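Every chain is numbered from 1, with letters handed out A, B, ... down the list of sequences. Not measured: the values here are computed from a predicted model.
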Protein chains: 2
Amino acid sequence: MAGNEIRRSMPLFPIGIVMQLTELTARQIRYYEEHKLISPARTEGNRRMFSLNDIDRLLEIKDLIDRGINMAGIKEVFAVKENQTATAEMEKQAEKARRELSDDELRKILRSELQHAGRFNRSSLRQGDMSRFFQ
Amino acid sequence: MAGNEIRRSMPLFPIGIVMQLTELTARQIRYYEEHKLISPARTEGNRRMFSLNDIDRLLEIKDLIDRGINMAGIKEVFAVKENQTATAEMEKQAEKARRELSDDELRKILRSELQHAGRFNRSSLRQGDMSRFFQ
DNA sequence: TTTTTCATGTCAGAAAACCTAACATAAGTT
DNA sequence: AACTTATGTTAGGTTTTCTGACATGAAAAA
């Protein structure tokens with residue numbers, strides 16, 4: 001899952017290829033960078049190198065431009081998206097925390113059942129819930 | 001399935017990037033081209049542009065070189081592989097033909113059953129086999 | 001309506017990246 | 001020893017990209 005993100009953020013493409021891929025002019029691409037909508041990497045010799053993520057972003061910019069939205073608007077759209085994915089991350093974290101909390105509870109139940117049910121092989125009704133603790 | 005192959009054969013990378021990705025020198029890459037092991041595209045201005053397939057091939061060349069195989073050997077390896085995938089294609093085609101032949105047979109059976117079983121809604125035992133003819 | 005602003009076009013001069021061709025060389029082959 | 005192979009190195013030329021400056025049409029503001 002993370003390897004893919006690395007690949008997508010690897011600076012691989014010179015501006016000429018990006019122009020073809022996005023059908024934007026060099027002037028436009030540089031202008032969007034000037035307005036901090038993208039931040040392509042640079043070679044030692046100062047040439048811009050773009051990643052797949054940069055290209056996605058440029059295509060998004062192009063779409064927003066086509067819909068009549070100006071630089072400020074696009075900047076805001078990206079800020080909101082950023083914030084949105086950030087909160088989604090937090091929600092995921094919270095969900096994970098909730099799950100881990102109930103894992104603890106399940107552990108308690110498991111211990112208690114093992115003490116009571118003792119030596120029965122027949123498993124308790126909660127086996128399905130417990131299974132994730134094993135293997 | 002074919003869209004992926006298009007993407008993999010799209011000339012996107014200048015030689016500088018390919019050098020980094022493959023850890024080959026420009027001299028080596030040009031030499032391998034000279035020996036027809038790769039055939040990168042060219043820009044209008046005659047710059048080489050490499051596809052993902054080209055890069056795969058270069059990595060393969062590098063591996064074979066590391067194993068002490070010379071240009072002629074590598075050329076032969078690729079020829080064999082080419083031939084191999086070609087026969088695989090033919091096998092696939094043959095398999096498809098076999099399948100289509102039995103499709104014809106199934107059609108015959110279908111016709112015959114429709115004539116005999118006539119107006120029964122209850123479907124014949126072969127319905128599962130027939131289903132691929134509809135929708 | 002006139003003036004500003006915005007997004008982009010265009011041009012110039014400089015630097016980076018790449019090209020081909022030629023010669024050099026270490027290691028392996030004849 | 002002479003040749004071949006794979007690669008290094010250098011030179012001179014062309015293409016691509018860079019920044020900065022000025023130009024412009026359309027939209028927004030005054």
*Rounded distance in Å - CG (A:Asn70) to P (D:dA26)*: 18 Å
*Are OP1 or OP2 of D:dA6 and a side-chain N or O of B:Tyr31 less than 4.0 angstrom apart?*
yes
*Are B:Tyr32 and D:dA6 close enough that a side-chain N or O sits under 4.0 Å from OP1 or OP2?*
no
*asked:* When you compare the side chain of A:Glu5 with that of A:Asn53, does any pair of heavy atoms fall below 4.5 Å?
replied: yes
*Between atom CZ in A:Phe13 and atom C1' in C:dA17, what is the gap in whole Å?*
18 Å
*Starting from P on C:dT8, measure out to CG on A:Asp66 and report it in whole angstrom.*
10 Å
*Euclidean distance, atom CD1 of residue B:Ile69 to atom C1' of D:dT5 [Å, nearest integer]*: 15 Å
*Kindly say whether, by distance alone, the side chain of B:Arg30 makes a donor-acceptor pair under 3.5 Å with the base of C:dT20?*
no
*Should A:Arg67 and A:Asp63 count as an ion pair when the cut-off is N to O under 4.0 Å?*
yes
*Between B:Thr25 and D:dG8, is there a side-chain N or O to OP1/OP2 distance below 4.0 Å?*
yes
_Let's test your reading of the model: under 3.5 Å, does the base of C:dC18 pair with the side chain of B:Arg47 as donor and acceptor?_
yes
*Starting from C1' on D:dT4, measure out to NE2 on B:His35 and report it in whole angstrom.*
11 Å
_Presence of donor-acceptor pair under 3.5 Å, side chain of A:Arg27 and base of C:dA7_ = no
_Taking atom NZ as the centre, does A:Lys81 end up with more than 12 heavy-atom neighbours from other residues, nucleotides or ligands that are less than 6.0 angstrom away?_
no
*Could you state the CD-P distance from B:Glu23 to D:dT7, rounded to the nearest angstrom?*
15 Å
*Starting at atom CG of B:Leu58, determine the distance to atom C1' of D:dT7, rounded to an integer number of angstrom.*
15 Å
*Grab the CD-C1' distance between A:Glu34 and D:dA21 for me, whole Å please.*
12 Å
